[in-house]
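This report concerns only the one structure given below.
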Amino acid sequence: MSNIKNTLSPAELARYSRHIIIPEFGREGQEKLKNAKVLVIGSGGLGSPLLLYLAAAGVGTLGIVDFDVIDDSNLQRQVLFTVDEVGKSKAQTAKKRIQALNPYINVVVHETRFTKENALELVEQYDLVADGTDNFPTRYLVNDACVLAGKTNVYASIYRFEGQVSVFNYENEDGTRGPNYRDLFPTPPPPGLVPSCSEGGVLGVLPGIIGSMQASEVIKALTGVGEPLAGRLFLFDAASFSTRVLKVAKNPETKITELINYEQFCGIFPDAEEDAVKEITVQELDSLRNLKEDFQLIDVREPYEYDIANLGGELIPLGEVLRNTAKISKDKKVIVHCRSGKRSADAIRDLETLHGYTNLYNLKGGILAHAKEIDTTMPTY
Amino acid sequence: MAQIIIPTPLRKFTNNESTFTTKGATVKEAIADLTTTHNGLAKHILDDQNNIRTFIRIYVGDDDINTLEKDATAISDSTVVSIIPAIAGGC
């Protein structure tokens, strides 16, 4: 933190009185918050409660990293934003909102992607980082940048009904650092196994719950109040309302010496580098249907996606494809589709590799392409 | 019998079941039991050498098996085995 200590004005003392009268917190805790600089990466689901509560609590400087604009589909959970703001910059809109909530704080907008090129420069300007990003490459980048810059990384992530929270790279009293994200997960899952919120969905209130816990850990780490969630992983399942706290140990094999190519690390390559599968366009599919050609159409999405919109294909969700090969013809053209073409390509690769299929075609762009180019009345999601 | 908690991202391979009961006496036996019953899970939990993949953590109670006896860690009827996957959502 900065060596120049700002003290609280009478108006701030009044504003933060509910903090200051907590014996463990006191004026000292509030002044630590005022003098702290926190970088919040992502101002979406987790970023919304994080920024609102950190601003309300009086964290003196809040940095916001986000390059995105507000979309209709964000409003189900990103409570920083309103209908009137759709299409506007998330970072700028977030700044306006939290600055109105608390004029005593300084809000810095970094309207950019968080990349290998700017990560260290950004992180080094702050005392602590709160990770509210939404993909594995950035998760590992945030972690590694925090380890290299010697910053605490208050981590949270969400998926459907489940949330995880931990405090990584926390500085212990003896100056050593606690476990980081790579100690817990040395490598990321292969692309597609754990879908993002946009592919897999998330309960709208979940980021509110988990992001608020993340904000609480940020405040604890900055003030030294309480026991931080370092060396532990908190798990929450809203569906069953179950919580667990698991131990996280340092892994002696974890070595972070430089920032790397995180897309490559997470197995994300340009399409050309993946094993190619045969493709068919939505126009070609439409033509086959109009000509009443004999072919089989397989939909590898989940039943709840099928209910939103479908092309009348046989529903065999990706996880059940290999158990249902008896239903998939080897004698005629079989067109496989999903939402965007990724899962269907995975299904085709598995069927070709493990079961010798040679008659499978991936619907390029999936049902989204059909909705965009053939039937514009079809709902998209 | 010990109980294995299946995380949401892997439930598509277990007919959406969130728990699995096993007679396995060790983590290795329990995972083998699970992946034999739900064979679509195997490649997501185990690598080609039958080792647990590094993007999955297995906990017995609240301890990572890597701090115990790894997949030789003994389990009993009252043991809860958790499969913890990395998730990245935040949006």
Side-chain angles (χ1 to χ4, degrees), chain A residues 41-42 44-47 68 74 77-78 131-139 156-164 181 184-190 193-198 200 202 206-207 210-211 232-233 235 237 239-240 242 244-249 251 302 317-323, chain B residues 3-20 27 34-49 51-70 73 78-91:
Chain A
I41 307 178
L46 292 170
D68 207 358
N74 298 152
R77 62 202 178 282
Q78 298 181 13
D131 180 0
T133 59
D134 63 358
N135 61 80
F136 284 108
T138 316
R139 293 282 182 189
S157 62
I158 49 177
Y159 177 73
R160 292 189 177 164
F161 295 94
E162 294 186 21
Q164 301 179 349
Y181 188 56
L184 182 61
F185 297 115
T187 61
L193 178 63
V194 183
S196 66
C197 295
S198 62
V202 63
L206 184 69
I210 299 298
R232 295 178 293 160
L233 177 70
L235 305 174
D237 182 351
S240 59
S242 58
R244 283 177 290 163
V245 179
L246 307 176
K247 295 173 191 166
V248 179
N251 179 351
E302 301 298 320
L318 180 62
E320 297 170 24
V321 164
L322 294 179
R323 287 201 299 271
Chain B
Q3 190 178 51
I4 303 178
I5 298 177
I6 314 294
T8 309
L10 297 181
R11 287 180 199 164
K12 59 189 167 193
F13 304 105
T14 62
N15 302 320
N16 256 345
E17 289 169 17
S18 58
T19 59
F20 177 81
V27 168
L34 172 69
T35 53
T36 302
T37 305
H38 299 290
N39 58 10
L41 260 181
K43 73 172 186 177
H44 299 298
I45 295 183
L46 302 170
D47 65 17
D48 294 341
Q49 282 76 47
N51 294 317
I52 291 159
R53 292 189 180 275
T54 52
F55 54 83
I56 295 276
R57 306 305 283 198
I58 307 288
Y59 278 76
V60 167
D62 59 2
D63 288 304
D64 187 335
I65 60 166
N66 286 335
T67 64
L68 302 171
E69 303 296 320
K70 300 196 173 176
T73 302
S78 60
T79 302
V80 175
V81 179
S82 304
I83 300 172
I84 309 296
I87 56 175
C91 54

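Values in this document were obtained by computation on a predicted structure and should not be read as measured data. Every chain is numbered from 1 and lettered A, B, ... according to where its sequence line falls, protein lines coming before strand lines.
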For chain B, find which of Q78(A), R244(A), R232(A), R160(A) contributes the most heavy-atom pairs closer than 4.5 angstrom. R244(A)
Is a side-chain N or O of E162(A) found less than 3.5 angstrom from the main chain of T8(B), in a donor-acceptor match? yes
Structural part of T187(A) lying under 4.5 Å from a heavy atom of chain B: both
Among residues 79-91 of chain B, which residues come closer than 4.5 Å to chain A, judged by heavy atom distances? S82(B), I84(B), P85(B), A86(B), I87(B), A88(B), G89(B), G90(B), C91(B)
Turns out that what part of P317(A) lies under 4.5 Å from chain B's heavy atoms comes down to neither
Quick check for you: among T133(A), L322(A), D131(A), which has the greatest number of heavy-atom pairs under 4.5 Å with chain B? T133(A)
Greatest number of heavy atom pairs closer than 4.5 Å to chain B - which of A156(A), S157(A), G45(A): S157(A)
Does D134(A) have any salt bridge (charged side-chain N to carboxylate O under 4.0 Å, His left out) partners at least two apart in sequence or in another chain, and if so, which? none
Which atoms of D68(A) come close to chain B, meaning under 4.5 Å heavy atom to heavy atom: side chain ones, backbone ones, both, or neither? neither
Salt bridge (charged side-chain N to carboxylate O under 4.0 Å, His left out) involving R57(B) - partner list, sequence neighbours excluded: D64(B)
Would you give the length of the straight line joining atom OH of Y59(B) to atom CG of L235(A), rounded to the nearest 0.5 angstrom? 8.5 Å
Within 6.0 Å of CD in E69(B), more than 12 heavy atoms from elsewhere: no
Return the set of residues passing side chain to side chain donor-acceptor pair (under 3.5 Å) with D62(B) (not counting sequence neighbours), or none when no residue passes. none
Would you mind checking which part of Y181(A) comes under 4.5 Å of any heavy atom in chain B, side chain (CB onward), backbone (N, CA, C, O), both or neither? side chain
So which atom in T54(B) and which in P186(A) form the shortest heavy-atom distance, rounded to 0.1 Å? O-CD, 3.2 Å
